[in-house]
Amino acid sequence: MRTATMILVIGMIWGIEMGIRQSFAMAPAHAHLNLVGGVLLFVFGLYYKHFPTAGGSALAKWQGWLHITGSILFPLGIALVLAKGEAFIALPIIGSLIVLLAIALFALIVFRTSRA
């Protein structure tokens with residue numbers, strides 16, 4: 001949850017910086033950083049806090065680190081594509097696939113640990 005909060009602070013500062021400059025070309029990367037990196041990671045933390053057995057599992061640790069990695073790589077890749085061109089398209093693709101894997105692991109954890 002601390003990592004999610006720090007990502008949100010960084011994302012908000014980035015958004016304010018774009019507003020000050022009145023240059024919003026990086027808005028898609030900023031939005032993905034806040035939503036995928038900050039909000040989703042915080043939601044995972046809330047679930048793991050509510051279900052401590054789930055949060056303490058090795059699978060949850062893998063899920064968290066995968067999500068953190070993907071949620072940084074994904075918006076960074078978007079920003080590089082926007083700034084430098086399609087030569088960097090592999091980065092947001094790889095980042096999004098890592099995030100998808102992390103979310104799939106989270107779904108597995110939820111179905112294993114939540115009450116119906």
Side-chain angles (χ1 to χ4, degrees):
M1 294 173 82
R2 290 177 182 172
T3 302
T5 303
M6 291 309 303
I7 290 172
L8 282 170
V9 167
I10 292 166
M12 290 303 298
I13 291 170
W14 191 10
I16 291 167
E17 182 268 336
M18 284 189 296
I20 290 169
R21 287 187 308 109
Q22 290 294 296
S23 175
F24 302 99
M26 294 294 160
H30 155 76
H32 281 84
L33 181 65
N34 282 345
L35 293 174
V36 176
V39 175
L40 274 180
L41 195 58
F42 200 84
V43 168
F44 299 152
L46 289 175
Y47 183 83
Y48 292 146
K49 190 117 174 120
H50 186 70
F51 293 97
T53 305
S57 71
L59 191 58
K61 288 176 182 36
W62 274 100
Q63 185 269 329
W65 283 111
L66 278 172
H67 191 82
I68 290 167
T69 301
S71 68
I72 292 170
L73 185 59
F74 185 25
L76 177 64
I78 292 170
L80 283 170
V81 168
L82 291 171
K84 304 290 184 183
E86 294 294 317
F88 294 93
I89 196 67
L91 293 176
I93 292 170
I94 292 167
S96 66
L97 292 174
I98 292 170
V99 168
L100 177 61
L101 176 60
I103 292 172
L105 285 176
F106 183 69
L108 176 66
I109 292 165
V110 168
F111 279 98
R112 284 184 174 178
T113 59
S114 67
R115 293 173 225 123

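With rounding to the nearest 0.5 angstrom, the CD1 atom of Ile89 is 10.5 Å from the CD1 atom of Ile94. Within the model, atoms CD1 of Ile10 and OG1 of Thr5 stand 11.0 Å from one another, a figure rounded to the nearest 0.5 Å. One distance of note links CG of Leu41 with CG of Leu46; it measures 10.0 Å at 0.5 Å rounding. Taken from CD1 in Ile68 to CH2 in Trp65, the straight-line distance is 5.0 Å, to the nearest 0.5 Å. Here the straight-line distance linking atom CZ of Phe74 with atom CD1 of Ile93 works out to 10.0 Å at 0.5 Å rounding. Rounding to the nearest 0.5 angstrom, the gap separating the NE2 atom in His50 from the OG1 atom in Thr113 is 9.5 Å.
Counting non-hydrogen atoms of other residues, nucleotides and ligands closer than 6.0 Å to CZ of Arg2 gives a total of 12 or fewer. The neighbour count for Met1 CE, taken as heavy atoms of other residues, nucleotides or ligands under 6.0 Å away, is above 12.
Here the closest heavy-atom approach between residue His67 and residue Val36 is recorded as NE2-O, 2.7 Å. For the residue pair Asn34 and Leu8, the shortest heavy atom distance occurs at O-CD2, 3.6 Å. Leu82 approaches Ala25 most closely through the heavy-atom pair CD1-O, 3.2 Å. In plain terms, the two heavy atoms of Leu33 and Ile7 that are nearest each other are O-CG2, 3.5 Å. Trp14 and Ala29 make their closest contact through CH2-CB, 3.4 Å (heavy atoms, listed as atom of the first residue, atom of the second, distance). When all heavy atoms of Ala60 and Ala54 are compared, the pair lying nearest together is CB-O, 3.1 Å.
One hydrophobic cluster holds both Leu97 and Ile103 under the rule that ILVMFWY side chains link at heavy-atom gaps under 4.5 Å. One hydrophobic cluster holds both Leu40 and Leu108 under the rule that ILVMFWY side chains link at heavy-atom gaps under 4.5 Å. Placement of Leu105 and Phe42 in two distinct hydrophobic clusters is found when ILVMFWY residues are connected by side-chain heavy-atom separations under 4.5 Å, directly or transitively. In terms of hydrophobic clustering, with Ile, Leu, Val, Met, Phe, Trp and Tyr side chains grouped at heavy-atom distances under 4.5 Å, Val99 and Leu80 are assigned to a common cluster. A chain of hydrophobic side-chain contacts below 4.5 Å, direct or via other Ile, Leu, Val, Met, Phe, Trp or Tyr residues, connects Leu59 to Phe106.
Checked by atom type and distance alone, the side chain of His30 pairs as donor or acceptor with a backbone atom of Gly11 at under 3.5 Å.
Among the candidates Ser71, Ser96, Pro75, Pro92, the single residue satisfying the side-chain contact (heavy atoms from CB on, under 4.5 Å) test with His32 is Pro75.
As a member of the Ile/Leu/Val/Met/Phe/Trp/Tyr network built from side-chain separations under 4.5 Å, Ile13 groups with Val9.
Between Ile109 and Tyr48, the closest side-chain pair of non-hydrogen atoms falls below 4.5 Å.
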